[in-house]
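These notes concern the structure reproduced below.
Chain letters run A, B, ... following the sequence lines, proteins first and then strands; every chain starts at 1. These figures come from a predicted structure and were not determined experimentally.
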Number of protein chains: 2
Amino acid sequence: MKDVAASAGVALKTVSRVVNGERGVNAVTAERVRSAIERLGYRRDESARGLRGGRTSSVGLVIEDVADPFYSGVSRAVEDVALGYGSLLLSGSSGEDPRRERELVLTFCSRRVDGLIIVPAGADHEYLRPELDAGTPAVFADRPGGLDADTVICDNAGGACAGVTHLLRYGHRRVAFIGDSASIFTAAERLRGYRRALAEAGLPADESLIATGPPERAGAALARMLTAQAPPTALFTGNGRVTLAVLRTGQRLPMVGFDDFELADLLVPGVSVVAQDPAGLGRTAAELLFRRIQGDPGPAEHVELPTRLIPRGSGELPPP
Amino acid sequence: MKDVAASAGVALKTVSRVVNGERGVNAVTAERVRSAIERLGYRRDESARGLRGGRTSSVGLVIEDVADPFYSGVSRAVEDVALGYGSLLLSGSSGEDPRRERELVLTFCSRRVDGLIIVPAGADHEYLRPELDAGTPAVFADRPGGLDADTVICDNAGGACAGVTHLLRYGHRRVAFIGDSASIFTAAERLRGYRRALAEAGLPADESLIATGPPERAGAALARMLTAQAPPTALFTGNGRVTLAVLRTGQRLPMVGFDDFELADLLVPGVSVVAQDPAGLGRTAAELLFRRIQGDPGPAEHVELPTRLIPRGSGELPPP
DNA sequence: CTGTTGCGGGACAACGTTGTCGAAAGCAGG
DNA sequence: CCTGCTTTCGACAACGTTGTCCCGCAACAG
């Protein structure tokens, strides 16, 4: 910018004015400055700008893994909203590791993001306190973060309950549940929904039909259940990765899965699912965040997004 | 930092020394500073740091769409490499729009990224010239960028040739090609590979068996071919989206698709594919970029990554 | 006692911006 | 001619860091 000013024979401030489209610059002078900018290939330094003013026009997003279609959908939606607000999205994958999540968040804070959207990997977010106090808003997405901050989550329990109830309607009385580790909030909620569905139907919950743990162990869990004395006649899976793991075993029994996935409709039979809306989740969280960034002071909001049952065949089969 | 210095009763520079682990600070003083940092919740401002020093410890990545599994795989790999180099990844989706790509790249440059990885949407990248001249390295990934910069691409033609040859080996003589718009580099290359395979087998290329255009029109194109006088007995699809579009038509004929995808193995028959390695692409491009950032001066490199044919059933069927 | 060395620590400038203030010049009205 | 207002523009400080230079002090050799 200094060079541009020298080249155009004006003061620094005048260049700044032209770049920012402020008034108070003669048209002729402005043109001279603009041509100097063009000639020198000058580009305003956003980080210096953020240093001087308060805003950096950037927001941070911490997800579990960009390569997971659910989170990449979230990411894309947040990016689009940020674009609309003239903001850049910084995003990173925590890989479900609380330490890495913390590291990412702190990195974003070091870059003075205007706000944060976090899919919590850990339970404790006290480390965020200084930032929140300093006025950097944060929104927790997909799972609650423990702090009294804005939160956008899906109706995990309700969705699971609806999915299981759907199976019960076709006459099943022994519906198994295979889900992710119970320490993960969404997994626990969905298990809660499963139990609620059974309770509402007046059925007892048989603990031998419930398995939780890493998705890669889901296949083995199913095999155990099917070879037991009283095997299930239907299955509810707690997330997309578990659903895939189960499908790969080759075992086909009536089932409904949590999370929609590409090609679910092309399998035979089509896989009935309880679908979340990743884009909606990302969009809602981002809109909420930008409202905060723009100064909305109200109390923390807790939004719950609905799920949608999509029947495709696998969930509409009666017991043998 | 000023506050920390005041609170610890030392000078600014001493705090800076402690934060950066420089020597020349008494252990007692250092401890006093550290406790002040803790007490005040101080966090070094990375943008001010980048302003003073040259490096910002960040790199930019422009892809077509994070929500596309291929690109999210690339993104994840680049992120992992960047993490290893202590660098933050800024990434954005161009949506195949050259204007948006340019805008993103310039935004990244405004933030003074140390380097760029670009999946080119447009053909002209002259706008990058000032940055390259200023010493910001750039690597083009998946497609060449026109400039004389480092490039990492897949062996599109070779992969397509291998896929088509595979079909020919099973006795097909009328293999159709349905691909993305010919204006896209990868699509054009794959079509070239298709033609090469036919030529090598001594077969004429029947233009009525070749269709290019947006994936959503692939289904219609296939329908036209199948109802024509001399329909194809096998099909090669030019990318993952086209493959999906074709599968959704419900038409099943012997086929091989470019790009692997989740669940390809669970369809009946399993879909044989020519697989690219998105993680490998991202990793290679990122490693190359960081070598440049660290000062490697050599001439522009052009890396070509191999593809892998994965037979799953759909490509191993003879003509009726 | 003097000169030298090393260590701990501080003052200051600079990075590239922008907000604040004020100066100079032009113009209208008296 | 003076006064008051507007337009145009520049000087300067400040944002949060870090590199450079310098100073004071203790230890040590001569």
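Looking only at distances, a side-chain donor or acceptor of N156(B) sits under 3.5 Å from a matching main-chain atom of C154(B).
In this pair, F140(B) and H125(B) present their aromatic rings perpendicular. The plane angle is above 60°, beyond the 30 to 60° band.
Annotation: salt bridge (charged side-chain N to carboxylate O under 4.0 Å, His left out) contacts involving residues 286-305 of chain A, sequence neighbours excluded, comprise D150(A)-R292(A), R291(A)-D296(A), R291(A)-E301(A), R292(A)-D296(A).
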Test side chain to side chain contact (heavy atoms under 4.5 Å, CB included) on D114(B) and F290(B); report intermediate values, then the result.
CA-CA 9 Å; D114(B) 298 333; F290(B) 280 101; over 6 Å; no
Let me see the working for D259(B) and N239(B) under side-chain hydrogen bond (donor to acceptor under 3.5 Å, both in side chains), right down to the final yes or no.
CA-CA 6 Å; D259(B) 282 339; N239(B) 73 26; 5.5 Å; no
Dump the pairs, protein N or O against N or O of nucleotides 23-25 of chain D, anything under 3.5 Å, distances to one decimal.
none

At under 4.0 Å between heavy atoms, how does the protein contact nucleotides 14-20 of chain C? Give one character per nucleotide, 5' to 3', with B, S or -.
BBBBBBB
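T56(B) and S58(B) share a side-chain donor-acceptor pair at under 3.5 Å.
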Donor-acceptor pairs under 3.5 angstrom involving side-chain atoms of residues 13-23 of chain A: please list them, not counting sequence neighbours.
{"from": "N20(A)", "atom 1": "OD1", "to": "R44(A)", "atom 2": "NH1", "distance (Å)": "2.6"}

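For DNA chain C, no neighbouring residue in residues 23-35 of chain A is found when judged by any heavy atom under 4.0 Å.
Annotation: cation-pi pair R102(B)/Y127(B) present, NZ/CZ under 6.0 Å from the ring centroid and within 45° of its normal.
Residues C109(A) and L116(A) form a side-chain contact, since some pair of their non-hydrogen atoms from C-beta on lies under 4.5 Å apart.
Phosphate proximity of dC9(D) to T14(A): absent, as no side-chain N or O sits under 4.0 Å from OP1 or OP2.
Applying the side-chain contact (heavy atoms from CB on, under 4.5 Å) test to A286(B) and every residue at least two apart in sequence or in another chain returns V78(B), V81(B), I117(B).
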